[in-house]
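Working notes, structure below.
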Amino acid sequence: MAEFLVFDLYGPLASWGDTAVGEQRPTRPRPSKSALVGLLAGTLGIERQDEEAHQALNRGLGLALAVRSPGKPLTDYHTVQMPHGKDRYATRREEMVHSKRLNTVLSWRTYLGEALFRACLWQRGDAAPELGRLAKALQRPVFCPYLGRKSCPPGLPFNPRIVQAETMALALTQDSGQEDFLPGFVAPTGNMEMYWEGRTLPGDPDPGVEAVQRMSSRDSLLSRRRWQFTARTENQGYTRKEVS
């Protein structure tokens with residue numbers, strides 16, 4: 001038996017940033033590891049400049065995700081005014097009032113509507129905080145949490161729980177007790193899509209999991225301060241078990 005931290009990620013809108021080029025600001029189809037590391041860091045009160053603490057979370061935690069409802073993509077045509085030059089301002093109002101010249105920036109920002117994911121974490125060494133501490137932080141966060149962008153608040157509590165299970169898959173398929181509060185069109189399906197990094201820990205996937213492919217995801221934190229990321233190996237699979 002091993003110990004896992006399992007929690008839910010649901011919101012009317014979420015955006016899990018993908019590679020952004022020019023005016024396009026897409027979202028990944030599921031939460032990235034760097035986004036969840038940032039979410040956990042915020043709940044613990046870790047500031048962005050604290051590189052060592054962010055790296056401890058990234059290296060010390062294994063991650064698996066279950067797609068309970070993939071949501072639907074939504075694109076927002078977005079206009080933003082920003083000052084020309086490198087002057088710094090204390091507030092947004094000061095920036096708009098005192099800037100000598102304003103530029104208008106156009107962008108297309110993509111979101112996921114009504115998506116539901118379940119995250120599962122386990123410890124990989126002593127670098128990361130204990131799972132119990134992370135669970136308490138998700139219940140009483142220091143900084144306000146959001147689902148990828150500040151305009152995307154959670155639609156339900158994270159409902160963190162410490163689960164004892166033989167495999168990651170068994171931890172992910174346990175009922176959260178929250179799904180009765182979801183709208184009917186978000187009703188999860190029984191055949192669950194799963195993603196996990198490295199090997200399923202502990203041991204190999206159980207007989208109820210069908211592994212499909214291994215892939216490289218460029219969402220492992222390299223430097224939070226410089227917004228740099230590197231690749232990690234991720235597995236995709238499905239569980240044939242009926243989820244309650």
Side-chain angles (χ1 to χ4, degrees), residues 3-20 25-66 68 71 80 90-92 109-163 176 178 195 197 217-230 232:
E3 187 175 78
F4 301 91
L5 170 60
V6 182
F7 58 96
D8 302 319
L9 296 159
Y10 165 77
L13 288 177
S15 187
W16 310 106
D18 205 344
T19 303
R25 295 293 184 267
T27 177
R28 290 172 179 261
R30 59 188 181 280
S32 61
K33 183 170 185 180
S34 57
L36 292 186
V37 166
L39 173 68
L40 292 168
T43 64
L44 290 166
I46 298 171
E47 296 188 351
R48 184 169 293 162
Q49 294 80 6
D50 193 342
E51 290 273 20
E52 185 175 345
H54 281 276
Q55 287 295 346
L57 286 171
N58 184 65
R59 294 191 307 268
L61 293 172
L63 170 66
L65 284 169
R68 301 294 283 126
V80 179
T91 66
R92 175 66 171 164
R109 304 188 180 195
T110 307
Y111 300 83
L112 294 177
E114 303 291 351
L116 172 64
F117 303 96
R118 186 174 297 164
C120 176
L121 302 174
W122 59 88
Q123 284 193 302
R124 301 191 300 192
D126 301 327
E130 294 181 356
L131 297 182
R133 182 186 170 198
L134 293 174
K136 290 180 180 178
L138 286 166
Q139 291 174 320
R140 298 181 64 88
V142 176
F143 298 133
C144 183
Y146 48 87
L147 305 181
R149 291 195 180 125
K150 292 180 181 178
S151 59
C152 303
L156 283 176
F158 294 118
N159 189 27
R161 52 221 181 259
I162 302 297
V163 175
S176 70
Q178 288 207 119
Y195 295 85
E197 57 181 346
S217 296
R218 197 172 186 83
D219 64 349
S220 183
L221 182 66
L222 189 62
S223 172
R224 175 63 65 187
R225 186 174 53 202
R226 297 190 300 271
W227 289 92
Q228 292 178 332
F229 307 93
T230 189
R232 68 187 177 99

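The shown structure was predicted, so the numbers you read here are calculated from the model rather than taken from an experiment.
- By the side-chain hydrogen bond (donor to acceptor under 3.5 Å, both in side chains) test, R140 pairs with no residue at all, sequence neighbours left out.
- Within the 4.5 Å cutoff, the side chain of F158 has heavy atoms near those of the L39 side chain.
- In terms of the side-chain hydrogen bond (donor to acceptor under 3.5 Å, both in side chains) criterion, R133 has no residue partners (sequence neighbours excluded).
- Taking P12 as the reference, E114 meet the side chain to side chain contact (heavy atoms under 4.5 Å, CB included) condition, with sequence neighbours excluded.
- Every residue meeting the side chain to side chain contact (heavy atoms under 4.5 Å, CB included) condition with A128, not counting sequence neighbours, appears here in chain and number order: L61.
- Heavy-atom neighbours of Q139 CD from other residues, nucleotides or ligands within 6.0 Å: above the threshold of 12.
- Taking CZ from F229 and CG from N58, the interatomic distance works out to 10.0 Å, rounded to the nearest 0.5 Å.
- Annotation: side-chain hydrogen bond (donor to acceptor under 3.5 Å, both in side chains) contacts of Y195 (sequence neighbours excluded): E193, Q236.
- Under the side chain to side chain donor-acceptor pair (under 3.5 Å) criterion, the residue pairs touching residues 151-161 are D8-R161, with sequence neighbours excluded.
- The distance from the OG1 atom of T230 to the CZ atom of R218 is 5.0 Å, given to the nearest 0.5 Å.
- Put simply, the side chain of L40 reaches to within 4.5 Å of the side chain of L121, judged on heavy atoms.
- Counting heavy atoms from C-beta on, the side chains of L147 and Y10 never come closer than 4.5 Å.
- Every pair passing salt bridge (charged side-chain N to carboxylate O under 4.0 Å, His left out) that includes a residue from residues 45-59 is listed here, sequence neighbours excluded: E51-R225.
- In this structure, L112 and L13 have side chains that are not in contact, with every pair of non-hydrogen atoms separated by 4.5 Å or more.
- Taking the side chain as every heavy atom from C-beta outward, L57 and L134 approach each other to under 4.5 Å.
- Judged as a side-chain hydrogen bond (donor to acceptor under 3.5 Å, both in side chains), and not counting sequence neighbours, the contacts of R30 are E234.
- Here the SG atom belonging to C152 is positioned 12.5 Å from the CG atom belonging to L9, to the nearest 0.5 angstrom.
- For R92, the salt bridge (Lys or Arg N to Asp or Glu O under 4.0 Å) criterion is met by E95, not counting sequence neighbours.
- With sequence neighbours left out, S32 forms a side chain to side chain contact (heavy atoms under 4.5 Å, CB included) with R28, S34, A35, D219.
- Identified under the salt bridge (charged side-chain N to carboxylate O under 4.0 Å, His left out) test for residues 33-45, with sequence neighbours left out: K33-E197.
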